[in-house]
Amino acid sequence: MRKGRCYPSLINKMLSIGIIGLPNVGKSTLFNALIKGRKAEAKNYPFCTIEPNVGMVEVPDERLSKIASISNSKKIIPTAIEFVDIAGLVAGASKGAGLGNKFLSHIREVDAIVQVVRLFEDKDIHHVSGRIDMKDDIEIINTELILADLDTIEKRLSQTKRTAKNTSDKEAKIELSLLEKFKEALENGKLTRTIDITPEGEKVANGLHLLTRKPMIFAVNCDEENLSKEISFKGIGEEDDIFIKISAKLEQELIDLSDKEAKEYLNELGIGQTGLDKLITASYKILDLITFITSGEPETRAWTIKKNTTAQFAAGAIHTDFIKGFIKAEVADYKDFIEYNGWVGLKEKGKVRLEGKEYIVQDGDICFFHVKT
Ligand code: GDP
């Protein structure tokens, strides 16, 4: 492979999720629970960042232990994503208040955002607005993101206007119309991720690194008793926004319990999956990622690829040389792998599929790649 060449859909950095929210909503509590309770071992992941506010977290996947037990694997290596604790945002951050621009540049670097919103009541823990109001809190945060993006757009607009006027450059014209569309949306309080744009515009938009275009999930930090209750988030955020109820305090307590004790405790509370696991899984999904698996005696391992990646490039997730050397892939879906008791049983029954380089790898596919070395 030529050095420095960039292959489409190959992920060559650990994807990261920034945790943001107003002060005292439980961000750090949540971040600490994540990195203590779900910490991934750095040595398995070549692209990880080592910084105090960055934690690498395993993506829970129940399929792995079942596959590993069939293959008699010595090790299980789940896939991982990074969470970044981004220190408190206050109203006025886009104009430099609080940590101001530093805060905003940290958000610019992450691939998606988890916005923690406080629903728990505790008179000893001060809320910046003096009352619990999720809609209000989200508006304060979103306003700061909108103002920061308006600033980015306005700076870029004056330059693009000049280029578009002086040349017949088609790209400058596309950029100009996109910037004007975004500016109008932001001025009306809309997030740019809610605006439909053309595929050509999408390329330009990616280059702008706008904060309001990043995928976002809301982690609603509630009291334990609200976890098993139905809570409506209608009228808060955008129509298809994802809200995950979580109790950062409970998650912190669960870390010190054994798996069995934690399960029993959750059952008592009427909760199945923990909020942390739900949050990690949703964060992984919102990045448009899927998992394929390799499995044998040495290890069962999950690999991350973007949705719609071909077999040839999926092989590149294991080693970039596999892209050039790709010959074919043996593929089984998860259900068959379990039903026919692994590779041997699958082969006996003729259930292994042979796929070529154009095959689109599906979530949960178990793959064995044949490559020329
Ligand atoms: P941050 O400023 O958003 O990072 O908030 P912290 O995680 O530092 O939490 C602020 C305070 O709220 C701390 O004293 C936490 O122990 C407390 N806290 C966090 N989550 C919860 C929760 O779910 N319930 C209650 N009652 N307190 C919480």
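All ligand and atom numbering here is 1-based and tracks the order in the structure.
With hydrophobic clusters built from ILVMFWY side chains whose heavy atoms lie under 4.5 angstrom apart, V371 shares a cluster with V361.
A salt bridge links R63 to D61: at least one charged side-chain nitrogen sits closer than 4.0 Å to a carboxylate oxygen. By the 4.0 Å N-to-carboxylate-O rule, D363 lies too far from K307 to be salt-bridged with it. Taking a cutoff of 4.0 Å between a charged side-chain nitrogen and a carboxylate oxygen, K260 and E264 qualify as a salt bridge.
A perpendicular orientation is assigned to the rings of F369 and F292, their planes being inclined by more than 60° (bins at 30° and 60°).
The ligand atoms of ligand 1 that sit less than 4.0 angstrom from a heavy atom of I125 are 11 (C), 12 (O), 14 (O), 17 (C), 27 (N).
Of the polar atoms of G26, at least one N or O is found under 3.5 Å from an N or O of ligand 1, judged by distance alone. Considering backbone and side-chain atoms together, V25 places an N or O closer than 3.5 Å to an N or O of ligand 1. Remark: ligand 1 and D223 share no N or O pair separated by less than 3.5 Å (distance only, no angle test). Polar contact check, T29 against ligand 1: a nitrogen or oxygen pair lies under 3.5 Å apart.
Within the 4.0 Å heavy-atom criterion, both parts of S28, backbone and side chain, lie near ligand 1. Here L22 has backbone heavy atoms under 4.0 Å from ligand 1, and that is the only part of it that gets that close. Under 4.0 angstrom from ligand 1, the non-hydrogen atoms of N24 come from both its backbone and its side chain.
P23 counts as a contact of ligand 1, since one of its heavy atoms falls under 4.0 Å from the ligand.
In this structure, F233 and V220 have side chains that are in contact, with non-hydrogen atoms separated by less than 4.5 Å.
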